[in-house]
Number of protein chains: 2
Amino acid sequence: MKWDTLDEEPCSLSRTVAVVGDRWTLLILRECFLRVRRFEAFQSSLQITRHLLSERLKKLVRFGILRRVPYSEAPKRYEYILTQKGLDLYPIIMAMVHWGDTHMGDERGRPLLHEHRNCGKLFDPVMVCSECGEVLHAKQVHVHAGPGREEAVG
Amino acid sequence: MKWDTLDEEPCSLSRTVAVVGDRWTLLILRECFLRVRRFEAFQSSLQITRHLLSERLKKLVRFGILRRVPYSEAPKRYEYILTQKGLDLYPIIMAMVHWGDTHMGDERGRPLLHEHRNCGKLFDPVMVCSECGEVLHAKQVHVHAGPGREEAVG
DNA sequence: TTTGACAGTTCTATTTTAGAACTATAGCCT
DNA sequence: AGGCTATAGTTCTAAAATAGAACTGTCAAA
């Protein structure tokens, strides 16, 4: 497979995978949502090699998920901030955290707890239908080919 | 980083990434949710090398996401079926599809449309708070260390 | 007996990643 | 001025993962 054109496949999952579908990128995004912004901070908290961190940050900037914002003029220094496109990845990250909480836990309990500021309670993320508000389950969903997929593609 | 122990980190995202955090695994899971079950079917629809497909399927079985079920005795043939643990990955996949629909679309429109059998409508997946039912946004969530994370870990 | 379907395994070449060292700019201390 | 530290990278080689193609083994049907 040509990973370099995965973001042009007629499949929204492939396109997303092209951008965030590797281990380091997902871990970097976790740090972003925990308010980490600087190269050294990512590097020391993730123990990622500097080379790969540099690569991944460039890629995330290229795809419009992070913005590289100067915070010092001399010497020139930048920090990496989530754009709206990046903030919109939150459901993906939270869905992964929730699955990990549910299926990969150990006897020590959850590593992190999440509080919803609006209601003040500790919560779990739940995925619902935009139309009827009910909780979604895979078996209740039927898939149709949309306009972006010629039937031939399968 | 030691990828082989990522599933024991005191972080539910890391643990999830350890299992589904690579391109091929996510694409294989997409096929699973589209009712693909057999080795040859995965291989031809994904154009993945047989070697890697074999590896990834083994790993998904090892983590309890797929079950390897015989469907023919002579010759012995197996198909791969999502377990409940695997079905529970649905919100992750749908969150990725939705982000792709929203941010990686082209002029041709969506590749796939999703119909919710319960209400009969085409829908988008929405992530809400389990306690108050409101739509979740990253900035409204506050993170606390839970019992599974000694403060020292950070 | 030959062909074809299915579910893999094995092999070599290429690409990615790990790990460590190096570069560059500038502030601060003596 | 000279040396130390902080920050944000880049460059290099070795190790690991992936691609691509060929091969194995079982059985049914022609």
Side-chain angles (χ1 to χ4, degrees), chain A residues 1-7 9 14 17-29 31-32 35-63 66-82, chain B residues 1-7 9 14 17-29 31-32 35-63 66-82:
Chain A
M1 160 129 351
K2 9 59 275 196
W3 291 125
D4 41 329
T5 57
L6 192 60
D7 58 326
E9 292 278 301
S14 296
V17 166
V19 183
V20 303
D22 75 281
R23 291 155 144 86
W24 282 126
T25 299
L26 288 164
L27 295 175
I28 288 168
L29 287 168
E31 297 300 303
C32 292
R35 316 291 197 273
V36 170
R37 293 162 136 79
R38 299 189 182 175
F39 191 94
E40 295 294 320
F42 287 111
Q43 204 277 320
S44 72
S45 78
L46 291 173
Q47 297 295 101
I48 183 177
T49 65
R50 309 176 72 76
H51 178 72
L52 267 205
L53 176 57
S54 173
E55 271 248 326
R56 291 292 192 273
L57 289 173
K58 270 183 207 153
K59 181 175 168 185
L60 288 168
V61 168
R62 182 155 37 82
F63 276 112
L66 297 177
R67 250 175 324 146
R68 191 160 171 269
V69 180
Y71 72 90
S72 149
E73 279 308 318
K76 276 273 187 189
R77 300 234 185 285
Y78 300 88
E79 52 190 11
Y80 296 88
I81 316 257
L82 285 165
Chain B
M1 161 133 348
K2 5 69 261 201
W3 291 124
D4 43 327
T5 57
L6 192 60
D7 58 326
E9 291 278 299
S14 297
V17 166
V19 183
V20 302
D22 76 281
R23 290 154 144 88
W24 282 126
T25 298
L26 288 164
L27 294 175
I28 289 169
L29 287 169
E31 298 300 304
C32 292
R35 317 291 198 277
V36 170
R37 294 162 136 79
R38 298 186 183 178
F39 191 93
E40 294 294 321
F42 287 112
Q43 204 277 320
S44 72
S45 79
L46 290 174
Q47 297 296 100
I48 182 176
T49 65
R50 307 176 75 76
H51 178 74
L52 267 203
L53 176 57
S54 173
E55 270 248 328
R56 292 290 192 274
L57 289 173
K58 271 183 206 151
K59 181 175 168 185
L60 288 169
V61 169
R62 182 154 37 82
F63 276 112
L66 298 176
R67 250 174 325 147
R68 190 160 171 270
V69 180
Y71 71 92
S72 150
E73 281 306 319
K76 275 272 188 191
R77 299 234 185 286
Y78 299 90
E79 52 190 11
Y80 296 88
I81 315 258
L82 285 165

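Chain A is the first sequence line, chain B the second, and so forth, proteins listed ahead of strands; every chain is numbered from 1. Since this is a predicted model, take the numbers as computed values, not measurements.
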Nearest whole Å is fine: how far is dC6(C) P from Leu57(B) CG?
16 Å

Can you measure Arg23(A) atom CZ to dT16(C) atom P for me and round it to whole angstrom units?
16 Å

With sequence neighbours left out, the residues meeting salt bridge (Lys or Arg N to Asp or Glu O under 4.0 Å) with Arg38(A) are Glu79(A)

Nearest nucleotide by nearest heavy atom, which residue falls closer to the 5' end of DNA chain D, Lys76(B) or Tyr80(A)?
Tyr80(A)

With sequence neighbours excluded, tell me which residues meet salt bridge (Lys or Arg N to Asp or Glu O under 4.0 Å) with Arg23(B).
none

Between atom CH2 of Trp24(A) and atom CG of Leu52(A), what is the distance when rounded to the nearest 0.5 Å?
7.5 Å

Sorted by chain and residue number, the side-chain contact (heavy atoms from CB on, under 4.5 Å) partners of Tyr80(B) (sequence neighbours excluded) come out as Phe42(B), Leu57(B), Val61(B), Leu66(B), Arg68(B)

Listed by chain and number, what are the salt bridge (Lys or Arg N to Asp or Glu O under 4.0 Å) partners of Glu55(B), not counting sequence neighbours?
none

How would you list, by chain and number, every residue that makes a side-chain contact (heavy atoms from CB on, under 4.5 Å) with Ser44(B), sequence neighbours excluded?
none

Taking OP1 and OP2 of dA18(C), is either one under 4.0 Å from a side-chain nitrogen or oxygen of Trp24(A)?
yes

Expected output check: what is the dot-bracket annotation of DNA chain D, where ( ) and [ ] are pairs inside the strand (brackets for crossing ones), | is paired with another strand, and pairs are Watson-Crick or G-U under 3.5 Å?
||||||||||||||||||||||||||||||

Locate the shortest heavy-atom distance separating Ala41(B) from Val36(B); write the atom from each residue and the value.
CB-CG1, 3.7 Å

Between dA7(C) atom C1' and Lys58(B) atom NZ, what is the distance in whole Å?
11 Å

Got a sec, which residues hit side-chain contact (heavy atoms from CB on, under 4.5 Å) with Thr25(B), two or more places apart in sequence or on another chain?
Val20(B), Asp22(B), Leu29(B), Arg56(B), Leu60(B)

Minimum heavy-atom separation for Arg37(A) to Ile81(A), with atom names?
NE-CD1, 3.3 Å

List in chain and number order the residues that pass salt bridge (Lys or Arg N to Asp or Glu O under 4.0 Å) with Glu31(A), two or more places apart in sequence or in another chain; answer none if no residue qualifies.
none

Which of residues 66-74 of chain A have a heavy atom under 4.0 Å from DNA chain D?
Arg68(A), Tyr71(A)

I'd like to check the side-chain contact (heavy atoms from CB on, under 4.5 Å) partners of Gln47(A); sequence neighbours left out, ordered by chain and number.
none

Can you name the closest pair of heavy atoms from Ser14(B) and Leu6(B) and give their distance?
O-CG, 3.5 Å

Donor-acceptor check, side chain of Gln43(B) to backbone of Ile48(B), threshold 3.5 angstrom: yes or no?
yes

For DNA chain D, which nucleotides open and close the run of contacts to chain B, 5' to 3', at under 4.0 angstrom from a non-hydrogen atom?
dT18(D) to dC27(D)

Distance check needed: dT16(C) P versus Asp22(B) CG, whole Å only.
15 Å

Between Tyr78(A) and dT25(C), is there a side-chain N or O to OP1/OP2 distance below 4.0 Å?
no

Heavy-atom contacts under 4.0 Å between residues 37-52 of chain B and DNA chain D, which residues?
Thr49(B), Arg50(B), Leu52(B)

